[in-house]
Amino acid sequence: MTDIELYEMAEGASEGAYAPYSGYRVGAALLAADGTVYTGANVENSSYGATICAERTAAVKAVTEGKREFEALAVAAPGTGGPAWPCGICRQFLFEFGGDLRVICGADAEHIEAVTLDGLLAHGFRL
């Protein structure tokens, strides 16, 4: 699967977002090592701390299906004018499964870039 295809899946996943407070709709597409793709969207809550990001939604779906190895994650927030890089909590959450994960973001499918999770989260940790 190409980076663009994965990014476009993330764009599509953003349609499922529940973002009545911020209006910031984010989608994610997580590519497992076996080629399966898990998508997710952000789900906001009146208690802001209970909000879950698109990246963690996709990762939780994958992990509960038995996946533990991942190759790439695309994150998209269509219509916002810029890339939607994972927040700090998502970076650490994903680091549990490996720092070599490729993270793909961009303003749109024509303007994407990829970096490793290690590059986004210096000194991430696992117990």
Side-chain angles (χ1 to χ4, degrees):
M1 170 165 294
T2 69
D3 287 359
I4 292 173
E5 290 170 327
L6 196 62
Y7 183 86
E8 288 173 342
M9 291 181 77
E11 284 182 317
S14 74
E15 295 173 13
Y18 176 73
Y21 307 106
S22 71
Y24 193 70
R25 303 170 65 83
V26 181
L30 180 63
L31 177 62
D34 70 355
T36 307
V37 176
Y38 294 87
T39 60
N42 58 318
V43 179
E44 294 180 349
N45 190 276
S46 298
S47 173
Y48 293 138
T51 294
I52 186 167
C53 299
E55 300 92 315
R56 285 182 284 142
T57 300
V60 167
K61 287 169 66 175
V63 170
T64 60
E65 294 294 322
K67 305 301 187 227
R68 303 292 188 273
E69 296 179 14
F70 306 104
E71 293 183 4
L73 169 76
V75 185
T80 62
W85 294 102
C87 71
I89 291 171
C90 288
R91 293 175 190 199
Q92 181 56 51
F93 187 92
L94 293 163
F95 197 84
E96 182 75 15
F97 304 99
D100 59 344
L101 178 72
R102 280 189 313 95
V103 180
I104 303 155
C105 293
D108 56 47
E110 294 179 9
H111 301 94
I112 60 174
E113 63 179 296
V115 297
T116 65
L117 187 55
D118 279 329
L120 289 176
L121 180 66
H123 310 293
F125 65 93
R126 281 183 223 86
L127 298 179

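Basis for what follows: all heavy atoms, side chains included, without hydrogens, waters or symmetry-related copies.
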Taking L120's backbone N and O only, do any of them form a donor-acceptor pair with R91's side chain (distance below 3.5 Å, no angle check)? yes

Show the nearest heavy-atom pair for residues E11 and S14, with the distance to one decimal. O-OG, 2.6 Å

Can you tell me how far apart NZ (K67) and NZ (K61) are? Round to the nearest 0.5 Å. 13.5 Å

Taking all non-hydrogen atoms of both residues into account, name the closest pair between R102 and A114 and its distance. NH1-CB, 4.4 Å

Value for OG1 (T2) from CD1 (I4), rounded to nearest 0.5 Å, stands at 5.5 Å

At what distance, to the nearest 0.5 angstrom, does CD of E71 lie from CE of M1? 10.5 Å

Contact between N45 and Y21 at the side-chain level, heavy atoms closer than 4.5 Å - yes or no? no

Does some side-chain heavy atom of L101 sit less than 4.5 Å from a side-chain heavy atom of L30? yes

So how far is it from L117 CG to C90 SG, rounded to the nearest 0.5 Å? 10.5 Å

Flag if over 12 foreign heavy atoms under 6.0 Å of CD, E69: no

I need the minimum non-hydrogen distance between D3 and I112, along with the two atoms involved. CB-CD1, 3.8 Å

Flag side-chain contact, heavy atom, 4.5 Å: E96 against R126: yes

Do T36 and D34 have side-chain N/O donor and acceptor atoms under 3.5 Å apart? yes

Hydrophobic cluster identity match, L31 and V63, side-chain contacts under 4.5 Å: no

Are the side chains of P86 and V103 in touch, meaning some heavy atoms are under 4.5 Å apart? yes

With a 4.5 Å limit on heavy-atom distance, are the side chains of W85 and E113 in contact? yes

With heavy-atom distances below 4.5 Å as the criterion, would you say the side chains of E44 and P20 are in contact? yes

Is a donor on one side and an acceptor on the other found under 3.5 Å between the side chain of T57 and the backbone of A41? yes

